Amino acid sequence: MLIDLHTHSLESDGTQTPTELVAEAAGRGLDVLGLTDHDTTAGWAEAEAAAARYRITLVRGIEVSCVHEGISLHVLAYLHDPSYRPLLEELEAARVSRAQRARRITELLAEDFELSYDDVLAQVHDGATVGRPHIADAMVAAGIVPDRDAAFRDYLFTGSKYYASHYAPDPVTAVRLIREAGGVAVMAHPFAASRGRLVTDEVIASMAAAGLAGLEAHHPDHTAGQTAHAAGLARDLGIFVSGASDYHGAGKPITLAQEVTPPAAYEAIVAGASGVGLVGESESTRGVGSG
Ligand code: AMP
Ligand code: FE
Ligand code: FE
Ligand code: ZN
């Protein structure tokens, strides 16, 4: 089974519609696709319809932005109830703060470059969660940098003089809310040091105590050593090892299923969730999680 449970559409910082993403996944022969836009379920309905049409199993999810003592981290939520108020309120607060923060970063950039917040908004799909990749896209459109990667490398990296942070819930709170919503929580790219400061193993242990179910050890931003460390920590904590591509469409030089999700992680997610079910099961996955 070919499974990739971490991807983005243009409802956050991916570059494809949910339909295009599902169609590409089906075309590449994936059996199961997870849609995990940052802090929003806005792409779910369209992805559901597309999954039924393309006969691929869809795992509905989100990637929850979190902050612990000034360190940014991401927690994937799978198959949770999207109407659970306490979680929705945290996601909404993060989304509002993300927009304010994008304006702030743009103001800092505007001191040195010809760039306005309208230029950034022109890169954001209506209602989508705003992130640094959209600022990068505006910089590309303005001819300041050739691509997203150069924008991050030279101007948008965490710690840059143009950087600003945003509000997001503490990870222990996020894990608790995901569980209360019937979802399964998996920490995304836990040791991707290239993205900025990392939380300690002790913080991850406290997340596990709150119900974190797995660690995304296999991720394109992890070195072999970081993957091994994540797998070892997962084993010590008694939680599962996951993996995925974190595909963002044309926004990054990463292909769908570049890293894949172990079937055992997928089965644990399906078995552990009670918020919403799978959609559009393909033949090869019919029956998984039904016992
Ligand atoms: P933000 O959510 O606004 O803090 O921005 C982080 C997002 O930018 C993550 O979703 C990453 O996938 C994306 N990102 C980080 N580094 C790069 C890069 N070098 N090129 C393209 N996208 C990146
Ligand atoms: Fe992203
Ligand atoms: Fe992430
Ligand atoms: Zn992601």
Side-chain angles (χ1 to χ4, degrees), residues 4-16 21 34-40 42-43 61-67 70-78 91 94-106 108-109 120 123-125 128-140 145-160 162-169 171 174 185-199 215-222 226 230 242-256 258-259:
D4 189 345
L5 290 189
H6 181 171
T7 69
H8 297 263
S9 77
L10 48 66
E11 295 297 344
S12 61
D13 53 4
T15 61
Q16 295 166 303
L21 177 63
L35 173 66
T36 52
D37 277 311
H38 297 285
D39 305 313
T40 183
I62 53 176
E63 185 171 12
V64 181
S65 306
C66 300
V67 174
I71 300 170
S72 162
L73 66 153
H74 293 164
V75 177
L76 297 157
Y78 293 114
L91 298 175
R95 286 160 45 79
V96 167
S97 180
R98 276 174 159 284
Q100 291 164 346
R101 170 258 206 159
R103 186 186 282 276
R104 177 71 191 134
I105 291 176
T106 307
L108 293 170
L109 286 165
V120 174
Q123 303 297 327
V124 185
H125 175 76
T129 302
V130 185
R132 281 178 284 169
H134 299 112
I135 302 172
D137 289 347
M139 296 178 85
V140 173
V145 289
D147 54 32
R148 277 188 180 181
D149 198 46
F152 271 87
R153 189 190 60 229
D154 296 340
Y155 307 112
L156 298 175
F157 59 92
T158 308
S160 154
Y162 303 109
Y163 183 79
S165 58
H166 62 81
Y167 168 81
V186 175
M187 185 175 176
H189 43 75
F191 298 110
S194 60
R195 291 165 172 252
R197 286 165 66 213
L198 302 171
V199 296
L215 292 184
E216 192 181 58
H218 305 283
H219 185 282
D221 289 358
H222 279 173
Q226 289 163 346
S242 191
S245 69
D246 201 356
Y247 184 60
H248 279 68
K252 283 184 181 180
I254 284 167
T255 55
L256 256 182
Q258 179 168 327
E259 295 286 348

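These numbers come from a predicted model, not from an experiment. Just so you know, ligand 1 is whichever comes first in the structure, and atom 1 is the first atom listed for that ligand. For this chain, numbers begin at 1 and follow the sequence in order.
Arg98 counts as a contact of ligand 1, since one of its heavy atoms falls under 4.0 Å from the ligand. For the ligand labelled ligand 1, residue Arg101 lies inside the 4.0 Å heavy-atom shell.
Here's the thing with His166: none of its N/O atoms is less than 3.5 angstrom from an N/O atom of ligand 1. Residue contacts with ligand 1: Lys252 is placed with a nitrogen or oxygen under 3.5 Å of a nitrogen or oxygen of the ligand (distance criterion only). Considering backbone and side-chain atoms together, His38 places an N or O closer than 3.5 Å to an N or O of ligand 1.
Residue contacts with ligand 1, taken as heavy atom pairs separated by less than 4.0 Å, involve Asp13 solely via side-chain atoms from C-beta onward.
Among the atoms of Asp246, no N, O or S atom is found under 2.8 Å from the Fe ion (ligand 3). Taking 2.8 Å as the threshold, His8 does not count as a candidate ligand of the Fe ion (ligand 2), since none of its N, O or S atoms lies below it. Within the coordination shell of the Fe ion (ligand 2), defined by N, O or S atoms under 2.8 Å, Asp13 is present. Taking 2.8 Å as the criterion, His74 counts as a coordinating residue of the Fe ion (ligand 3), since one of its N, O or S atoms falls below it.
Among all protein heavy atoms, the one lying closest to atom 4 (O) of ligand 1 is Arg132 NH2, 2.9 Å.
Side-chain contact between His166 and Val130 is absent, with no heavy-atom pair separated by less than 4.5 Å.
A donor-acceptor pair is defined here as one N or O able to donate and one able to accept, closer than 3.5 Å; no such pair exists between the side chain of Asp246 and the backbone of His219.
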